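These notes are about the structure you will find just below.
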There are 2 protein chains.
Amino acid sequence: MAPTPIPSLDMLIRKLESIARLSDEERRAIERLPITGRHLAAHQDIVREKDRPSQCCLLLEGWVCRYQVLSEGKRQIFSFHIPGDIPDLQSLHLRVMDHSVCTMTQATVAFIPHEAMLELTATFPGIAAILWRDTLVDGAVFREWMTGMGRRTALEAVAHLFCEMYVKLEAVGLARDHGYRLPLTQADLGDALGLSNVHVNRTLREMRESGLITLHSGKLEIKHWQELAKLCDFDPTYLHLERLAA
Amino acid sequence: MAPTPIPSLDMLIRKLESIARLSDEERRAIERLPITGRHLAAHQDIVREKDRPSQCCLLLEGWVCRYQVLSEGKRQIFSFHIPGDIPDLQSLHLRVMDHSVCTMTQATVAFIPHEAMLELTATFPGIAAILWRDTLVDGAVFREWMTGMGRRTALEAVAHLFCEMYVKLEAVGLARDHGYRLPLTQADLGDALGLSNVHVNRTLREMRESGLITLHSGKLEIKHWQELAKLCDFDPTYLHLERLAA
DNA sequence: CGGAAGTTTGACACAGATCAATCTAAGTGG
DNA sequence: CCACTTAGATTGATCTGTGTCAAACTTCCG
């Protein structure tokens, strides 16, 4: 519906190449993917629980999250996604959505038909492997969040999330100098970490008062990365960013 | 080291065929996989965090779990696995282990070299898709556990786990009549659900007193499936057992 | 028959939830 | 450009689910 400039598959190619080199043939095949670009408003569902989508959604701009609403109205956020991610890649092999995906900010996305993706991955096992890998990293992040909710204090959990998002953003060139735009409300943070909005607020106050961070109008600055990382025992191994190894 | 009777790849074939039909060629390729069977004692690590395994582990008998130990000594269990599972399938595409895998009971496993798996999946995209799918279901279970820790009470969380394990066991023919062998200590349950062993104990007492379950010497019986499922809002969609749809 | 591992129970402490105001900033319409 | 509205942030008071500690009890097994 929105005016749609030509979106770009460079994003996807760059992402895949950050893991493994692509052959010319593979690159050309990706460029031939039939995509549909779209601009979305903030707080808008892209896919919903129970849906049986026929396309995947490559995020080009903005943040989206995956979430589920329990019967009593409580919400659990499972992940935050940034440009380059394909938040619903799993729908390629799991027919029914067991959760929803929605935008946190205005967003630009490119929809890719499952059919085209399936053909691509059947033809190029190398590409399939990289995408598969991507969903595995996804799983690793879920595990880390489990640890956060199960075994970390509120302070540690918030700190850990801040570190995680920084490393992910930095890896795709969207953050530097330990600062970034964090387009989340305190309630969003709470729903992601299993905390109440009130307690998130108090935790943030504590972090500010101890001088670890600065956060206003959606701008987060980590003032003492080392200390913050140490506080929450942050170890980026689970993000499996090969680049870090180099 | 242990005496090793010939392990069987039927387990794997049956599992894959529960999702999609295999061609004769695919089936033969699987049967040709060079596997090494092994018996393991209980409470023994199969792979450890930081390892770079060169093989995957197909579980034939017993239970294993995936877990991580935090620096303060707390443990978070991420999943329980039952026969037919390949708990470390992710190591096929993520070089470094970000967590450990260990046996909960005596177990029989078959190790399959990565090399052979990679060749198999590169040659047969259909098999790759089923295995990929399997890791995606894994992720779905992680999400459900996140919901449990973030938004459910202890009672609901324990109930949900009991339902989940029953459905998974029943699906592979290892449970019926809403009862099964649960080879976990209360501390194990706590580490999986983000609770203390003491509180797990109280929660179990509550469940017993309300007549919902029976649990002694490792035998769990769900006396009122409907009520238990309702109590914790259990919906097996996230397990993506196609068979249920039929 | 020990002994170790696991379970159960009680007393008490605390992290975080809940409830309810108030405050602030960013729109929005006139 | 300002009054109005509204979403979100903040704060205080209070409550509660769950953790911690410590002891006793049970079960199982060598």
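This one's a predicted model, so the numbers in the text were calculated from it and none came from an experiment. Worth knowing before you read on, the calculation uses all heavy atoms, side chains too, and leaves out hydrogens, waters and symmetry mates. Naming: A, B, ... by sequence-line order, numbering from 1 per chain.
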Once you round it to whole Å, what is the distance between [atom2] of [N] and [atom1] of [X]?
X: B/Q186; N: D/dT20; atom1: CD; atom2: P; value: 16 Å
X: B/L195; N: D/dT20; atom1: CG; atom2: C1'; value: 14 Å
X: A/D188; N: D/dA7; atom1: CG; atom2: P; value: 14 Å
X: B/H199; N: D/dT16; atom1: NE2; atom2: C1'; value: 11 Å
X: B/N197; N: D/dA22; atom1: CG; atom2: P; value: 14 Å
X: B/L193; N: D/dG17; atom1: CG; atom2: C1'; value: 15 Å
X: A/H43; N: D/dT6; atom1: NE2; atom2: P; value: 17 Å

What pair of heavy atoms forms the shortest contact from [X] to [Y], and how long is it?
X: B/C232; Y: B/C163; result: SG-SG, 4.2 Å
X: A/Y166; Y: A/G179; result: CE1-N, 3.8 Å
X: A/M207; Y: A/L155; result: CG-CD1, 3.4 Å
X: B/H81; Y: B/L59; result: O-CD2, 3.5 Å
X: B/L58; Y: B/G84; result: CD1-O, 3.8 Å
X: B/M97; Y: B/R48; result: CB-O, 3.5 Å

Worksheet entry | A/Q106 atom CD, neighbour heavy-atom count above 12 within 6.0 Å |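 No - once you tally the heavy atoms of other residues, nucleotides and ligands closer than 6.0 Å, there are 12 at most.
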Item to complete: For the pair A/E144 and A/R152, find out whether any cationic side-chain nitrogen is under 4.0 Å from an anionic carboxylate oxygen.
Response: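 Salt bridge: yes.
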Worksheet item: When you look at B/F162 and B/W225, which way does the side chain to side chain contact (heavy atoms under 4.5 Å, CB included) test go after all the steps?
Response: CA-CA 10 Å; B/F162 285 174; B/W225 174 264; over 6 Å; no
Item to complete: Hey, which sits more toward the 5' end of DNA chain D by its nearest nucleotide, A/R151 or A/L204?
Response: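 In this pair, the answer is A/L204.
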Item to complete: Estimate the overall bend of the helix from C/dC1-D/dG30 to C/dG30-D/dC1 from the end axes over five pairs each, rounded to 10 degrees.
Response: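 The value is 50°.
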Worksheet entry | Side-chain N,O (A/N201) to OP1/OP2 (D/dA9) below 4.0 Å |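 Negative; the distance criterion is not met.
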Under 4.0 Å, counting only non-hydrogen atoms across every strand here, what does [X] touch: a base, just sugar-phosphate, or nothing?
X: A/G218; value: nothing
X: A/G190; value: nothing
X: B/S217; value: sugar-phosphate

Discussion item. Looking at A/R202 and D/dG12, is any side-chain donor or acceptor paired with a base atom of the opposite kind under 3.5 Å?
Written reply: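 Answer yes: a donor N or O sits under 3.5 Å from an acceptor.
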Worksheet item: A/R208 side chain: which of D/dT18, D/dT11, D/dT10 is closest?
Response: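 For A/R208, the side-chain atoms sit closest to D/dT10.
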Practice prompt. Starting from the 5' end of DNA chain C, give me the residue, B/L184 or A/R152, whose nearest nucleotide shows up first.
Written response: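 Looking at DNA chain C, the more 5' nearest nucleotide goes with B/L184.
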Item to complete: Taking heavy atoms of chain A and a 4.0 Å limit, find me the 5'-most and 3'-most nucleotide of DNA chain C within that range.
Response: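 Range of nucleotides within reach of chain A: C/dG16 to C/dC19.
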Discussion item. Side chain to side chain contact (heavy atoms under 4.5 Å, CB included) for B/L12 and B/I86? Distances and angles first, verdict last.
Written reply: CA-CA 9 Å; B/L12 183 54; B/I86 306 179; 4.0 Å; yes
